[in-house]
Asks: 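Here it is: the structure, laid out below.
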Amino acid sequence: MSIAATQKQGFGAVIWDYLTTVDHKKIAHLYTFGGGFFFILGGIEALIIRIQLIKPENDFVSAGFYNEVITMHGTTMIFLAAMPLLLGLMNAAVPLQIGARDVAFPFLNSLGFWLFMFGGILLNCSWFLGGAPDAGWTSYAPLSTTSPGHGVDFYVMGLQIAGAGTLIGGINFLVTIINMRAPGMTYMRMPLFTWATFVTSILILFAFPALTIGLFLLMFDRMFDSAFFDVTLGGNTIIWQHLFWIFGHPEVYILILPVFGLFSDIFSTFSKKRLFGYTAMVFATMLIAFLGFMVWAHHMFTVGLGPVANTIFSIATMAIAVPTGIKIFNWLATMWGGSITINSAMLWSLGFIPSFTVGGMTGVMVATVAADYQYHDTYFVIAHFHYVIVGGTVFGIFAGFHYWWPKMFGRILNETMGKIAFWTFFIGFHLTFFIQHFLGLMGMPRRYWVFLEDQNLDLGNFISTIGAFFMAIGVIVFFINAIYSQVKGEKAPADPWDGRTLEWSIPSPPPYYNFKQLPLTRGLDPLWVEKTEGNGKMTPAEPLGEIHMPNNSFIPFVMSLGLFIAGFGFIYQTDNNAWFIALFGGMAIALGAMIVRSVKDDLGYHISKEELEREADE
Amino acid sequence: MENTNTNKITEYQKQRNKEEMKKQLISFALMIVVTLIAFTIVATGVMEKMFAIPVLLILALIQVAFQYYYFMHMKDKGHEMPSIMIYGGAWAAILTIAGLAVITWW
Amino acid sequence: MKGWMGKLRALFLLGLVALILSGCGRENLTALVPKGYGSESSMKLIILTTVIMSAVFVIVMIVYVIVLLRFRKKKGQENFIPKQVEGHKGLEAVWTIIPIILVIIMAVPTTLISFDLAKTNDQKDSINIDITGNQYWWHFDYKGEEIQTSQDLYIPVGKKVYLNMLSSDVTHSFWVPSISGKMDVNPDNTNTMYIQAYEEGVYWGKCAELCGPSHSLMDFKVIVVSEEEYEQWIADMKSVDPKAKPENSVAQEGQELFEANNCMACHAIGSSPIATGPNLTDFGNRTKLAGYVEPTKENLVEWIVNPEKIKPGNLMTGKYPAVNKEEAEKIAEYLLQLKPSEIGPESAGK
Amino acid sequence: MMSNDHILNPETMPQSPEKATLEGKNKFLGLWFFLGGETVLFASLFGTYLSLKNSTAGGPTSEELFGLELVFIMTIMLLTSSLTSVYAMYHMKNNDFKKMQLWLGITGLLGIGFLAMEIYEFAHYITEYGFTFRSSAFGSAFYTLVGFHGGHVTFGILWLITLMIRNAKRGLNLYNAPKFNTFSLYWHFIDVVWVFVFTVVYLMGKVG
Ligand code: HEA
Ligand code: HEA
Ligand code: CUA
Ligand SMILES: [Cu+2]
């Protein structure tokens, strides 16, 4: 492929290009579209939940369906919306922030995306094939092992495939950040978002395998009659809970750390100040990740682990407040004395601080074990985690897209619509979830299909539902904004925000090779350094030379498709042995694709110096 | 695919490889010895259970250290990141095993 | 700026109004008005942490508001470049050390209370009740008394009562918010906790762990009566004659139908190891039918004819020969007159 | 740019061909990180096994089942295969392709031998004791843990065969040297896991 081939394509060619792309910027687009789609899906499920709970003993949906909806809402939002959107932002920004032309493993990058996508599709196929999983996103055994139908089987296979994709993504970012930094970009000069990606990837690397094994055990119990969670044969259901939360707690930091990183970048950019306490921020990130592995049992305080284990985990959990507090105060100190511009990206970031702080506060409250005997499995916990997830992760994702949209798509999002979206969502968010703290303490457990009359829960639930609709309006406005920007939006300059980091030193959107010449980093916030020294642009670290690029490949798509088919085989072989054909067939496709990949040399191609020079003249 | 390492293979290099190989042979021998000790302890039953289990685990750790540091070259330079990741993994692994093996009891 | 603050204030007011309107929730259900040892212990921690957390939040917000008021980009100073501050050791130490201290302040009482609530030293000398969680009902077995009941748990006021909990199917969680925090009811192993109620009354209990479609309907009550009444109740329950013929002839027919329709395979009347379905010995005294609907005759008939309508996914549906409405009315007549004791929910209601 | 099918000769041979290119360095780190993740993967299995190993549901216990002779031979085989793959890497560094292939071949054969004995062992338990994956939680945990390791061995052997056939005619170059090296790291890791399997499952199972 040469430069000419990437310009002006027909529709079919564009699709083909996306199906085979290994370019991290296009994969970022794919993650954005995929994650955005699932976010809407999860949001619609949230609306169904809230409509059902608008009044007592409502029968908008049936009891069984309600359980399917909450399960899919939780699973979809966490695995198929929040994480992919974050991976999208990472793909869009990290290679640019470290001055790299690509990620370390472009092929695996694409494979990771397709595994996620096919896993997500597989999971959602359950809606049309006899019912979705209904044991909660936590799928506690033995409810999950005894759940009739194939719902939970779809959960197992879907998450297994999507999870493999995430793991691959994690390793890819680790190696990218270690090996591909441009000259001068030392670790302690990396932007905080890159740091956060690095630490998050470590979390992914060590957390996901526990889920993988948990899902295998669940799969063996459900599909092959093993006895891990079968109490009559000596099984122990608590193993699932441990495995799930050994993964699950780090997972929530996987959701929050990247946005911590991007908020750091945003606050610093729009305050025109360098990040206050950079070193402390980096170590706080690592400390959160480290402690994050030692607190999982705080989800299991009522399981009966005994007071010793409970208090140890309780105190370890509270300790996380310390590094997180460091972050909150450093952000405030970053803005202190700055010259603050408030635009949409900044609004979402400013909205984040009080919202997340409330969520963190309730986090510490549920971490006090004897109080958690009351909070656990009630709407108080629902309120806690939506405050951190929506007020943290989702606000962060919106902020991140407003911030990087110009770089990703070459257009600037409309400010007016951005503000409308923020305010409706922000107000709706607090309406929905603040009241839930009280609902929980007033005796409303979570995962309740109906709440009863005369329990003084009516008004709170009503307000909560109204709030959810405000949020929906906010989301819709954002989506309109996104589409509008592509049609009529203002073309983005290379550096719309007077940025500080490397991604703003190249055109928006960047050429497919990112940096014509690798930039030389001379300090933290490299672009800012050049600006203050009056250069305004990066000094190249190398002479113009040919650039090596990887080839596109259709193999990742085929491999994922193979696993997708095999997934169906696994699910249905319990009904009929004929499905073993799908199982082995799918595996053969995946393995075949893998062998093709390893037998055929894929050396990539080179962009010649002449081509690059010609490009410069255009 | 540029060759960023211009040092050509030399006799000196070969010699060093050979010495390295010798060390690895020694570690192999030690690993065999360690294995033999472990099996002997169990086969002969010379040790109390309470005593045997920690000894077996220590022997396993010794053997694994040989694998990592000699066979997999973790002692060499350029292995800082791999060491961090392996120790990180080991730490997460210890927590996991402790969680599952110790506190599923009540 | 003004608009922003205004919105926040409006939001806050709205929340406050909502709170006042609904009070602290329904009495004998809400955790906010503790009426037992466990809930009171938890409440202490809830208050302590809420106070500390609110203080932290206020501090964060003060800094936040100052930042927003003072450091917005000013008109005419668009090109102003702020000083690039690297950090400040002293300040950073302050906001590291203060949170550490706060965490310690919270950790100490947390530890003490958790250990206190886990004590079992006087279990042998106290009342012990074995609790079995079932999809979607609760079975109570008074240890050493040969008494089994379901759905309504009678306990004496002021006394420590030990609950030994095991599930017969999936995980449930036993929660009576105003008396005590919750404890999971696992299928693997017995969990023990104690409850101690301060006041007589009928307290709402809820299942707090997702256990299937009717998880939200797996309610139960804890009926706290005086000690004498409790003794009386025990005595009455012990002397039940399961075969006793009801006086009323309709009820007598009902009794026969009850036996003929295989109800006895799952439901015991009187002390019995059968626990496939709720023990119906004192059904006439039930606060609610199936845990949550009024125990009126109409509802009971509807239940017997088609329980699925009342509790989706319950394990009674379809397990007995179809019963028509007339038969059901007779059975209902029989079941409703099963009142072996004068001590019922009314005795607890003050 | 150099052609990649070019067999290395002493003139162009770098010190560590497996890490001479950026791709090589990436592969090297990527594989190590993967092994870090695998550590947790196996830890989850070991943890599960440890908490279920006494849940025999009336079936045979570990003490009754396990024999040490077979496990000892398996251990020595796998250990030796670890050494032979070290030899292969030694020859790679000395740019002796033929010898490298030879030692890799031996490694593969030892792996296959190990796998055959494992299959024999499983078959033995099933036919002699009726002890299966479904017998008890202990059975499930045992076969899953040991089976996962066996699965890793199988995958390793397939990987090795593909590598050997694929490169038989091409000799050693900077493109495939990293591939051989990553394989050998993976193979060592399999041995590491086995050390814990024989210690925790068999030896500790025999002690009681
Ligand atoms: C983005 C996701 C995210 C984040 C960041 C967090 C952050 C935290 N979480 Fe949360 N949590 C979830 C997502 C998240 N959580 C989810 C999804 C669940 C439910 C899962 C389920 O059951 O379905 C859950 C459940 C959950 C529980 C289990 C509750 C239960 O089921 O009973 C607990 C208990 O300890 C807990 C604690 C915490 C704590 C202490 C933090 C801390 O990290 C918070 C730290 C932050 C602050 C404290 C604020 C800032 C600090 C300062 C301003 C400094 C001063 C502060 C002090 C001195 C205290 N969380
Ligand atoms: C990333 C995680 C995430 C996110 C973002 C959200 C977002 C929301 N969640 Fe939820 N939630 C979870 C993770 C998340 N949630 C988890 C893990 C659980 C636990 C599940 C379990 O118990 O197993 C849970 C459970 C949960 C419950 C409790 C259910 C129960 O226990 O019975 C409720 C109830 O109010 C709720 C509500 C909401 C609402 C109103 C939103 C809103 O913020 C959603 C806002 C978005 C929208 C409203 C979408 C708008 C879009 C459209 C309307 C379409 C427009 C169409 C086009 C543009 C084409 N969630
Ligand atoms: Cu039982 Cu929920
Ligand atoms: Cu957690």
Side-chain angles (χ1 to χ4, degrees), chain A residues 103-105 108 167-168 170-176 178-180 201-202 204-214 216-217 220-221 224-236 238-240 242-243 246-247 250 293 546 548 550 591 594-595 597-604 606, chain D residues 1 3-5 21-23 25-59 132-141 143-145 147-148 155 158-159 162-163 165-167 170 173 175-176 179:
Chain A
V103 291
F105 305 110
L108 289 184
L167 192 61
I168 289 174
I171 294 181
N172 187 14
F173 279 116
L174 283 173
V175 180
T176 303
I178 293 171
N179 273 357
M180 315 272 288
S201 302
I202 296 179
I204 290 176
L205 180 63
F206 293 148
F208 267 75
L211 176 70
T212 305
I213 291 303
F216 268 120
L217 304 190
F220 291 164
D221 262 22
F224 303 104
D225 301 323
S226 61
F228 291 103
F229 310 124
D230 183 345
V231 177
T232 52
L233 287 176
N236 186 325
I238 309 303
I239 291 174
W240 167 264
H242 278 298
L243 285 176
I246 286 172
F247 147 78
F293 270 99
E546 43 170 40
H548 174 240
L591 206 69
M594 219 158 125
I595 289 177
R597 165 74 185 168
S598 56
V599 169
K600 245 182 65 190
D601 278 355
D602 184 357
L603 301 171
H606 284 75
Chain D
M1 183 208 175
S3 161
N4 286 286
D5 268 354
T21 61
L22 181 60
E23 279 78 358
K25 287 188 189 115
N26 287 348
K27 281 212 171 74
F28 167 80
L29 268 190
L31 192 98
W32 269 103
F33 294 174
F34 173 71
L35 296 184
E38 289 259 282
T39 310
V40 185
L41 190 102
F42 277 102
S44 306
L45 286 168
F46 275 106
T48 307
Y49 176 79
L50 284 174
S51 72
L52 292 177
K53 71 176 184 160
N54 297 323
S55 304
T56 52
T132 72
F133 183 61
R134 297 174 178 149
S135 305
S136 63
F138 165 59
S140 304
Y143 285 108
T144 305
L145 170 57
F148 249 79
F155 181 81
L158 289 178
W159 183 0
T162 322
L163 265 183
I165 296 179
R166 159 76 179 63
N167 291 304
R170 307 190 185 198
N173 58 41
Y175 182 68
N176 60 26
K179 296 189 176 197

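A note on names: the letters A, B, ... follow the listed sequences, proteins ahead of strands, and every chain is numbered from 1.
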Asks: What is the minimum heavy-atom distance between A:F206 and D:V40, and which atoms define it?
Replies: O-CG1, 3.3 Å

Asks: Does A:A227 offer a backbone N or O that forms a donor-acceptor pair with the side chain of D:S140 under 3.5 Å?
Replies: yes

Asks: Are the side chains of D:L22 and A:M180 in touch, meaning some heavy atoms are under 4.5 Å apart?
Replies: yes

Asks: Report yes if some heavy atom in the side chain of D:S44 is under 4.5 Å from a heavy atom in the side chain of A:I246; otherwise report no.
Replies: no

Asks: Kindly compute the distance separating CD (D:E23) from NE2 (A:H548), expressed to the nearest 0.5 Å.
Replies: 6.0 Å

Asks: Looking at D:A57, D:S55, D:G37, which one has more heavy-atom pairs under 4.5 Å with chain A than the rest?
Replies: D:G37

Asks: Measuring heavy-atom distances to chain D, does A:L205 have an atom under 4.5 Å in its side chain, in its backbone, in both, or in neither?
Replies: both

Asks: Below 4.5 Å from any heavy atom of chain A, which atoms of D:L52 appear? Answer side chain, backbone, both or neither.
Replies: side chain

Asks: Sort A:F229 into side chain, backbone, both or neither according to what part of it lies under 4.5 angstrom from a heavy atom of chain D.
Replies: neither

Asks: Between A:L217 and chain D, which part of the residue has a heavy atom less than 4.5 Å away: side chain, backbone, both or neither?
Replies: side chain

Asks: What distance separates A:I239 CD1 from D:S51 OG, expressed to the nearest 0.5 Å?
Replies: 3.0 Å

Asks: Could you grab the distance from atom CZ of A:F228 to atom CZ of D:F138, nearest 0.5 Å is fine?
Replies: 11.5 Å

Asks: Please round to the nearest 0.5 Å and tell me the distance separating atom CZ of D:F33 and atom OG of A:S201.
Replies: 10.0 Å

Asks: Go through A:A207, A:G214, A:P209 and name the one with the most non-hydrogen pairs under 4.5 angstrom from chain D.
Replies: A:P209

Asks: Taking side chain as everything from C-beta outward and backbone as N, CA, C, O, which of these in A:I178 sits under 4.5 Å from a heavy atom of chain D? Side chain, backbone, both or neither.
Replies: side chain

Asks: If you compare all heavy atoms of A:I213 against all heavy atoms of D:L45, which two are closest, and at what distance to 0.1 Å?
Replies: CD1-CG, 3.6 Å

Asks: Working to the nearest 0.5 Å, report the span between CG of D:N26 and CG of A:L108.
Replies: 10.5 Å

Asks: Which atoms of D:Y49 are under 4.5 Å from chain A, going by heavy atoms: the side chain, the backbone, both sets, or neither?
Replies: neither

Asks: Measuring heavy-atom distances to chain A, does D:T144 have an atom under 4.5 Å in its side chain, in its backbone, in both, or in neither?
Replies: side chain

Asks: Taking only residues two or more places apart in sequence, or in another chain, which ones meet D:R134 in a side chain to side chain donor-acceptor pair (under 3.5 Å)?
Replies: none

Asks: Once side chain to side chain donor-acceptor pair (under 3.5 Å) is applied, do any residues pair with D:T132, and if so which ones, sequence neighbours excluded?
Replies: D:S135

Asks: Against chain D, work out which of A:I171, A:N172, A:V231 has the most heavy-atom pairs shorter than 4.5 Å and name it.
Replies: A:I171

Asks: If you apply the rule side chain to side chain contact (heavy atoms under 4.5 Å, CB included), what do you find for A:L174 with D:L29, and how did you get there?
Replies: CA-CA 9 Å; A:L174 283 173; D:L29 268 190; over 6 Å; no

Asks: Can you tell which part of A:D225 gets under 4.5 Å to a heavy atom of chain D, answering side chain, backbone, both or neither?
Replies: both

Asks: Can you confirm whether D:T48 sits close enough to A:L243 that some side-chain heavy atom of one is under 4.5 Å from a side-chain heavy atom of the other?
Replies: yes

Asks: In terms of heavy-atom proximity below 4.5 Å to chain D, should A:F208 be classed as side chain, backbone, both, or neither?
Replies: neither

Asks: Working to the nearest 0.5 angstrom, can you tell me the gap between D:F148 CZ and A:F216 CZ?
Replies: 4.0 Å

Asks: Can you tell which part of A:S598 gets under 4.5 Å to a heavy atom of chain D, answering side chain, backbone, both or neither?
Replies: both

Asks: For residues D:T162 and A:V599, determine if any side-chain heavy atom of one lies less than 4.5 Å from a side-chain heavy atom of the other.
Replies: yes

